[in-house]
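Okay, so here's the structure we're looking at.
Just so you know, these numbers come straight off a predicted model, no measurement behind them. In listed order, ligands and their atoms are each counted from 1.
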Amino acid sequence: MIDIDEAYRRVFANIEPIDTVEVVLDDSLHRTLARSIQCDLDHPPFDRSVMDGYAVRAADVAGAPVTLRVTGQIAAETWVDDPAGGHAWAPGEAMQINTGAPIPRGADAVVRVELTEPVGGGELPEQVLIRNPVEPGTFITRRATYGSAGQTVLQAGTLMTPAAIGAAAAAGASRVTVYRKPTVALLSTGGELVEIDCVPRGAQIRNSNQHQLHALVLSAHAEPAPMGIVPDDRQELRESIKAALRHDVLCITGGVSMGAFDFVPEVLEQCGARFHIQKMAIKPGRPIQFATTDDGTLIFALPGNPVSAFVGFELLVRPALAALQGRTGRIPKPIQAQLRGTLSATRDRRAYVPARVEISDDGLCVVEPLSWRGSGDAFGLAGANAMIVRPPNVANAENGQTVSILLLDRV
Ligand code: AMP
Ligand code: MG
């Protein structure tokens with residue numbers, strides 16, 4: 001049995017990021033940049049006003065309160081080369097200016113409209129009373145404050161969040177190069193399995209894993225390829241596995257333990273799988289296996305029980321899918337939470353307990369283990385948004401104690 005840290009070393013040692021594709025920026029959410037993005041222009045491309053108010057010369061208002069002549073109006077779209085429209089700035093002048101509008105040549109500060117008073121005139125006053133002096137540069141964002149032309153604003157390897165997409169858009173990157181979404185074949189093994197729209201009879205069980213894994217793969221921003229049910233038959237398994245290995249990743253569930261019909265490891269090997277993990281010191285999920293083929297397909301063989309398959313996906317498959325998409329070494333890191341309830345002692349394996357974490361009124365993370373009744377209990381797992389992580393060989397955990405948790409469903 002290997003521990004989780006060794007498991008990550010073995011998984012990451014066998015993953016190379018996959019190929020890249022160009023997509024329109026709006027399709028890049030939650031994908032990983034494969035090529036960095038540079039500013040195409042200085043941003044902002046001109047000195048601009050931070051406020052609605054009046055462009056002035058600081059020297060003219062040093063003795064404020066003073067009244068200045070208003071010589072014009074500069075809107076945000078006013079042409080940058082000459083916002084003042086050919087007007088040569090003379091002492092004692094001001095121009096009305098809007099947020100984002102270019103600073104006219106001759107002005108060196110902006111006075112907020114709230115600190116002024118119009119004198120005479122209509123919409124555009126003839127004069128304006130400036131109440132207080134200002135420092136040169138006040139409320140001016142200088143050209144290239146945010147970035148210079150050619151400067152990298154998003155590095156390769158960046159996960160495209162809404163904020164990152166906003167930055168790319170500002171830099172003019174209407175198309176971006178991201179890693180392709182890996183396709184993940186989902187294969188459920190077990191002669192007892194039936195599709196979920198069937199009413200199980202006798203010893204039959206609904207193939208819930210396929211749908212759980214389909215959702216997990218989507219939530220990891222990869223492409224699920226559901227391949228249905230295969231009975232515990234070596235020949236049929238071989239054919240299904242061969243077809244599934246055309247994908248970037250295979251998640252196969254069931255048939256990986258010590259049972260008389262657990263043929264998956266043996267058939268995987270016949271299909272060219274080389275095993276890197278064959279047993280893990282975790283609970284649930286001891287029989288989880290990780291293998292690769294010479295073509296670079298990653299294979300995760302997960303136990304058939306829904307909770308074990310879920311834990312196996314969260315611990316190994318999700319970080320592997322991130323690494324395939326160019327975000328390497330993203331080992332899920334626990335955070336601390338206060339336990340509501342109790343937990344029993346652990347033995348020689350690290351335990352992962354499905355749990356519900358909430359933020360208390362005073363801002364603390366409070367975590368409650370779900371009352372799931374063993375690793376077959378898909379219903380007990382349903383409310384999980386975290387897993388409590390318990391090291392091997394620790395005593396009972398008491399109510400109020402601090403425990404480590406992994407948050408679920410992170411990109
Ligand atoms: P196995 O890992 O094949 O020994 O299966 C362990 C338990 O999980 C058995 O009770 C199976 O019936 C159940 N099981 C296996 N595959 C699935 C599946 N795809 N969906 C739901 N339960 C499953
Ligand atoms: Mg089975």
Side-chain touch Ile405/Ile335, heavy atoms, less than 4.5 angstrom: yes
Specify side chain, backbone, both or neither for [X], according to which of its non-hydrogen atoms lie closer than 4.0 Å to ligand 1.
{"X": "Ile205", "result": "side chain"}
{"X": "Ile229", "result": "neither"}
{"X": "Ser208", "result": "both"}

When you check the gap from the basic side-chain N to the acidic O, do Glu266 and Arg234 get nearer than 4.0 Å? yes
Check: Between Arg274 and Asp294, is the closest basic N to carboxylate O distance under 4.0 Å?
Finding: yes
Please check this pair: side chain of Asp47 against backbone of Arg142, looking for a donor-acceptor N/O pair closer than 3.5 Å. no
Which of the atoms in ligand 1, numbered in the order shown and given with their element, are less than 4.0 Å from a heavy-atom of [X]?
{"X": "Gly255", "result": "1 (P), 2 (O), 3 (O)"}
{"X": "Ser188", "result": "19 (N)"}
{"X": "Arg206", "result": "20 (N), 21 (C)"}

Worksheet item: Could an N or O of ligand 1 be found under 3.5 Å from any N or O of Asp262, whether backbone or side chain?
Response: no
> Hey, does Gly254 come in under 3.5 Å of ligand 1, counting only N/O atoms on both sides?
Replying inline: no
*Is there a heavy atom in Gln212 that sits closer than 4.0 Å to ligand 1?*
no
| message | Could you check whether any heavy atom of Val256 sits closer than 4.0 Å to an atom of ligand 1, since that is the contact criterion I want to use? | response | no
Provide, to 0.1 Å, the distance between [atom] and the closest protein heavy atom, together with that atom's residue and name.
{"atom": "atom 23 (C) of ligand 1", "value": "Gly304 O, 3.2 Å"}
{"atom": "atom 18 (C) of ligand 1", "value": "Asn209 ND2, 3.1 Å"}
{"atom": "atom 19 (N) of ligand 1", "value": "Asn207 OD1, 2.9 Å"}
{"atom": "atom 9 (C) of ligand 1", "value": "Glu192 OE2, 4.1 Å"}
{"atom": "atom 7 (C) of ligand 1", "value": "Asn305 OD1, 3.4 Å"}

For Tyr8 and Phe12, take the angle between the two ring planes, folded into 0 to 90°, and tell me which bin it lands in: parallel under 30, tilted 30 to 60, perpendicular over 60. parallel
For [X] and [Y], does a side-chain donor sit closer than 3.5 Å to a side-chain acceptor?
{"X": "Gln210", "Y": "Ser188", "answer": "yes"}
{"X": "Arg390", "Y": "Thr346", "answer": "no"}
{"X": "Gln336", "Y": "Ser404", "answer": "yes"}

